[in-house]
Each structure stands twice: as C-alpha cells, then as structure tokens.
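Below you'll find the structure, written out as structure tokens, and then a few comments.
Here is how names work: the chains are called A, B, and so on, in the same order as the sequence lines, proteins then strands, and each is numbered from 1.
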Amino acid sequence: MPGNPPFRLYNTLTRRKERFVPLREGEVRMYTCGPTVYDYAHIGNFRAYVFADLLRRFLKYLGYRVVQVMNITDVDDKTIRRSRELGISLREYTRRYERAFFEDIERLNIERAEHYPRATEHIPEMVALIQRLLQKGYAYRGEDGSIYFDISKFKDYGKLSRLKIKELKPGARVRQDEYAKEEARDFALWKAWSEEDGEVYWDTPLGKGRPGWHIECSAMSMRYLGETLDIHAGGVDLIFPHHENEIAQSEAATGKTFVRYWVHNEHLLVEGRKMSKRYGNFYTLRDLLAKGHDALAIRYLLLATHYRRKLNFTFKALEDATRAVERLSDFAARLESYSAGAQKPTKLSRHVEHARREFESALCDDLDAPRALAAVFRLVREANRAMGRGEASMEDVKAVKRFFADFNRIFAVVRERRGELPPELMKLIREREEARKRRDFATADALREELLRHGIAVEDTPRGTRWRWRK
RNA sequence: GCCGGGGUAGUCUAGAGGUGAGGCGGCGGACUGCAGAUCCGCUUUACGUGAGUUCAAAUCUCACCCCCGGCUCCA
C-alpha cells in the first residue's frame with residue numbers, strides 16, 4: 001500500500017522491530033498456536049487469539065492475502081486423562097470443547113482462519129517428519145520405545161529463547177530424568193503407548209503410540225503453509241520450550257528457516273496476578289458472558305493494551321471498556337442518521353485524513369493498537385463537534401464513515417446496527433413526537449419507556465428525534 | 001542462581017531526546033419539557049527515587065526502591 005509507512009513487527013528471534021516483507025509477494029502465511037481442547041478456553045487464551053486476529057485483519061487491510069492456520073490439539077495427556085475419567089472416547093470429549101471454542105471465537109468477532117487442522121487427523125504427516133529426523137540422525141529411540149529429539153545435534157538450539165542449555169535451573173532437569181532420555185532436555189517426538197493411554201494410540205511404522213506435543217505444529221504448518229512460513233504467533237510462554245522445539249525439529253528436518261517472524265503476545269494478569277489454570281484464578285469467556293458482560297467489550301479490553309505489554313484484567317477495566325464500546329457504537333449510529341444540506345468537504349475531511357495517517361502509522365509500528373485507538377477517538381470528538389454544530393457536510397460524513405468502517409474491519413468492536421426499525425415501533429416514535437408537540441409529556445415519556453423495553457433508545461435533538469438500538 | 005519486562009495525573013493505557021496523548025471516572029457549564037447522546041471547561045503542564053549527560057530528559061547514563069514474569073504443563 002503506497003503511502004503507508006512500512007509495517008514493522010517485533011521479531012522475538014532478533015528482539016527487534018523488523019520491516020515485514022512476506023516471502024511471496026502479496027501473500028502472508030501465518031500459523032497460530034491454537035487451543036488444546038480439554039476445557040473451556042479462558043480470557044488469557046483469548047488474548048492470544050484476539051491478537052492474532054488483529055494481526056490478520058491488519059494484514060488484509062494492507063492488501064495481503066492471508067493464509068492462516070490454527071491447530072486444534074485434540075490429543076495430549078490432559079485430553080486422554082479426562083476423557084478416560086468420564087468414560088467417553090477421546091473424540092467425543094475433545095469435540096465438545098472444540099465446538100465451545102468455535103462458539104467463543106465467534107462471540108469475540110474473531111475471523112475464521114483458513115485451516116483448523118486437528119492433530120489426530122495428521123498422524124501420517126507427523127510420522128513422516130519423525131522418520132526424516134531419525135534418518136538424519138537428529139532423533140533416537142529411548143529405552144521405553146519413545147522417540148526423542150537429540151538437542152545436542154542441533155547447534156542452533158536455544159536461539160529463540162536465548163536460553164543456554166547448561167544454565168537452565170538445576171532442579172528442573174533432575175525431575176525430568178525419569179524418562180528414558182539420554183539428556184534431560186531432549187523432548188519426545190513420539191510417545192510409546194503406555195497403560196494410561198488406554199485405547200488412544202496409533203499403529204504406525206514408529207510403533208504403537210501417539211505424537212509428542214511439539215511435533216504437530218511443525219508437521220501441520222508445513223502441510224498447509226510449506227517449509228518456511230512468514231509468521232508464527234503465540235503466547236510468550238510458548239517461546240520455551242514449545243517454539244524452540246518446533247524450530248529444532250523443523251529446521252533439522254528441512255535444513256531451511258522454519259519461521260521468518262516470530263511474534264509473541266504477553267500474558268494477561270487478573271487483578272495484578274498471573275492467570276493460569278493452575279492457580280484457578282481464571283475466567284472463561286462463558287463466565288464473563290454469564291455475568292452479563294459484553295463480548296465486544298471484552299474484545300476491546302483485550303485490544304486496548306499493546307500486545308507485548310502485560311494486560312491487567314480487572315472488572316473496573318471491563319466496565320470502562322464497555323463504555324468505550326458504547327461511545328463508538330453510538331457514534332456509528334449517529335453517522336448513519338446525520339444529514340446536512342452542505343455537500344462540499346470542510347475541515348472535517350482533513351481531520352479524517354489526518355486520523356487515518358495516524359491510525360495507519362500506529363498499527364504499522366508493531367501493531368500499536370492503543371495509539372491507533374487514540375487517533376480514532378480524536379476523530380470521533382472532531383466529528384461529533386462538527387455534526388453537533390451542523391457544520392459537517394455530507395462529503396465529510398462519507399469520509400468519516402469510510403474511515404470508521406476500515407477501523408472497524410480491523411478492530412471489530414463496534415456494535416452492529418440491528419437492521420431496520422419494525423414499522424410498529426416507528427409508529428410509536430411518531431406518536432411520541434406528536435405527543436411532545438402537544439406538550440403531553442406524560443404520554444411522550446411513557447412511549448419512550450415502552451420503546452426502551454423494545455431496545456430502542458430515542459433522543460431528542462435540535463434537529464429532531466433520533467433513535468438507536470440499545471443493547 | 002541465570003535471564004527479562006514494568007512503575008505515566010483519580011484510574012487504566014500510548015509515547016521513548018524538543019511536535020496537541022487517548023479511554024474511563026469526578027466536578028461545573030452549554031443544549032433539553034425531562035432524559036439521553038454530544039460538546040466545552042476544570043480535575044491535569046503527569047511520567048518510582050536520587051544523581052548525571054544535554055541548549056532541551058517521561059525518553060539517554062548510573063545507583064537505588066517497588067511490582068511482575070521466564071528458566072517446568074501453560075496463551
């Protein structure tokens with residue numbers, strides 16, 4: 001897009017903001033670490049998905065074709081254990097949470113990725129990748145029959161997390177030695193079947209067992225995006241060991257760069273504390289919606305802090321976000337109902353251009369959403385002022401609408417108008433206006449109450465009565 | 001132990017040498033029959049503390065205080 005500053009992204013690999021240029025012109029291939037479907041996802045998880053969504057939407061705004069893959073991890077220790085506890089099949093168990101996941105992301109206005117591969121449906125790809133690693137001498141079979149990646153063979157090991165293997169905390173490695181690994185840091189590519197796996201196993205050339213966790217992302221991303229991808233996104237906690245291991249497996253197998261830009265979102269804190277399932281201080285999206293909170297406000301809250309900063313989730317902040325979303329939504333409604341005689345652009349049109357430049361340069365600077373939002377709100381004030389005074393021309397309003405629509409294509413936080421007004425409600429509005437003309441305010445107020453019960457808020461302005469949908 | 005991120009007005013968030021910060025809240029005002037939405041003004045010349053560099057520091061340097069995270073399943 002000419003005129004834009006270059007899009008720069010912070011690459012965890014280099015620890016610098018880098019100009020983003022995809023490998024293939026006009027197309028971005030990105031992979032996002034998706035959910036392990038063993039429970040309802042919590043809002044911390046959604047920060048990662050909402051962030052990836054912002055990234056993909058902005059790339060599209062910049063004119064790229066985006067091919068995004070998000071894995072569904074539907075086999076691991078937890079899913080196996082819990083499905084067995086419930087006495088149902090792994091598939092039945094994981095599909096339940098997979099469905100919930102898709103419901104949740106829809107509530108949050110997260111665009112669908114192009115592919116959602118399930119781990120259980122890509123066993124052959126994983127087996128093939130592991131065989132390649134065995135052939136090349138990067139993997140070995142342990143005494144328990146499992147297959148491990150030998151990190152000592154991969155000299156770049158640690159380049160992403162910048163951890164030196166020797167310096168890792170002593171306590172952590174001792175505990176790991178219960179496995180039949182040659183080196184405590186080696187990780188499993190293939191786990192040989194054991195008692196607690198029950199009927200969950202695959203008979204493959206590697207033996208009877210199931211894949212390790214890390215291998216699925218390498219195998220599935222290569223299957224859908226090729227051996228080198230542009231962007232790989234995920235939470236900071238995945239940098240080590242998961243992403244480090246992905247690099248090791250993938251690059252050892254292909255000899256090529258696996259990922260060109262690694263992007264990681266920071267964690268979310270709840271009332272100042274790390275949120276995790278272990279602490280039990282987590283909220284699922286369902287929890288919050290059940291308490292009456294608005295999905296768009298949650299989305300807004302997740303986007304209103306820069307993605308590389310810790311986000312402190314509090315209910316006060318959620319209330320604030322709710323109001324901010326209302327302000328934007330009210331503004332959108334006002335744009336729709338505004339009319340003026342003047343056609344020629346006024347200085348408001350210049351404000352729109354200015355806001356757009358600010359907006360774009362903020363997002364181009366490593367997706368600085370808070371700065372982009374500030375530009376939007378500044379314009380909202382300018383436009384409200386101009387419309388309030390009747391100074392805005394129709395040309396201005398068109399320009400504002402275009403910008404606002406683009407803004408919302410990226411942020412997706414403005415409440416949609418819920419279609420046209422039913423005729424019977426339109427009739428009530430007219431009756432109320434007549435009552436007001438007669439100065440029969442008792443009737444007018446009663447009608448206003450009634451409309452509100454139907455979700456319609458009416459407002460009297462110097463230029464006549466306006467109505468809008470209320471949530 | 002080894003790495004790393006922060007502390008910005010009432011509050012939450014941007015900014016990272018000079019160019020109007022934004023949201024939310026509070027108070028007052030304009031508009032209105034009332035309400036709401038909106039606008040204006042105030043809260044507000046804010047940057048953890050102490051030194052230093054500089055014509056200029058929230059931004060750079062050093063020291064210190066406080067909070068949080070990674071090194072282990074985790075977004």
Contact class for [X] (heavy atom, under 4.0 Å): base, sugar-phosphate, or nothing?
| X | value |
| --- | --- |
| R47(A) | nothing |
| H243(A) | nothing |
| L268(A) | base |
| D368(A) | sugar-phosphate |
| R308(A) | nothing |
| D76(A) | nothing |
| G388(A) | nothing |
| V376(A) | nothing |

Practice problem: Cation-pi check, R112(A) to F102(A): give yes when NZ or CZ is under 6.0 Å from the six-membered ring centre and within 45° of the ring axis, no otherwise. | Solution: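 Yes, cation above the ring, under 6.0 Å and within 45°.
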Quiz item: Within this structure, what is the CG-to-P distance between N384(A) and C40(B), rounded to whole angstrom?
Solution: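 Rounding to the nearest Å, CG of N384(A) and P of C40(B) are 9 Å apart.
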If [N] has a Watson-Crick or G-U wobble mate with both distances under 3.5 Å, name it; if not, just say none.
| N | result |
| --- | --- |
| G41(B) | C27(B) |
| G4(B) | C68(B) |
| U49(B) | A63(B) |
| U19(B) | none |

Quick one: the side chain of [X] and the base of [N], do they pair up donor-acceptor inside 3.5 Å?
| X | N | value |
| --- | --- | --- |
| R436(A) | G33(B) | yes |
| H306(A) | A14(B) | no |
| R385(A) | C40(B) | no |
| D320(A) | G25(B) | no |
| R378(A) | A21(B) | no |

Quiz item: Does F441(A) stack onto the base of G33(B), taking stacking as ring centres under 5.5 Å apart and planes under 30° apart?
Solution: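 Base of G33(B): stacked against F441(A).
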Parallel, tilted or perpendicular: which describes the rings of [X] and [Y], with under 30° parallel and over 60° perpendicular?
| X | Y | result |
| --- | --- | --- |
| F377(A) | Y300(A) | perpendicular |
| H264(A) | H243(A) | tilted |
| F359(A) | F411(A) | tilted |

Measuring only the [atom1] atom in each nucleotide, how far is [N] from [M]? A whole number of Å is fine.
| N | M | atom1 | value |
| --- | --- | --- | --- |
| G29(B) | C65(B) | P | 50 Å |
| G15(B) | U59(B) | P | 15 Å |
| C3(B) | U72(B) | C1' | 16 Å |

Practice problem: Locate the shortest heavy-atom distance separating Y10(A) from R15(A); write the atom from each residue and the value. | Solution: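 Y10(A) and R15(A) have their closest heavy atoms at OH-CA, 3.3 Å.
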Is the phosphate of [N], meaning OP1 or OP2, less than 4.0 Å from a side-chain N or O of [X]?
| X | N | answer |
| --- | --- | --- |
| R162(A) | C71(B) | no |
| R15(A) | G4(B) | no |
| R389(A) | U38(B) | no |
| R432(A) | A35(B) | no |

Could you check which of [options] has an atom nearest any side-chain atom of [X]?
| X | options | answer |
| --- | --- | --- |
| T305(A) | C71(B), U13(B), C34(B) | U13(B) |
| R334(A) | C39(B), U8(B), U38(B) | U38(B) |
| A324(A) | G23(B), A75(B), C71(B) | G23(B) |
| E382(A) | U38(B), G33(B), G20(B) | G20(B) |

Quiz item: Any ion pair linking R107(A) and D104(A) (charged N to carboxylate O, less than 4.0 Å)?
Solution: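 Salt bridge: no.
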Quiz item: So, are E382(A) and R385(A) salt-bridged, with charged N and O less than 4.0 Å apart?
Solution: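 A salt bridge links E382(A) with R385(A).
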Quiz item: Of E319(A) and V380(A), whose nearest nucleotide on RNA chain B comes first from the 5' end?
Solution: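 Looking at the nearest nucleotide for each, E319(A) comes out on the 5' side.
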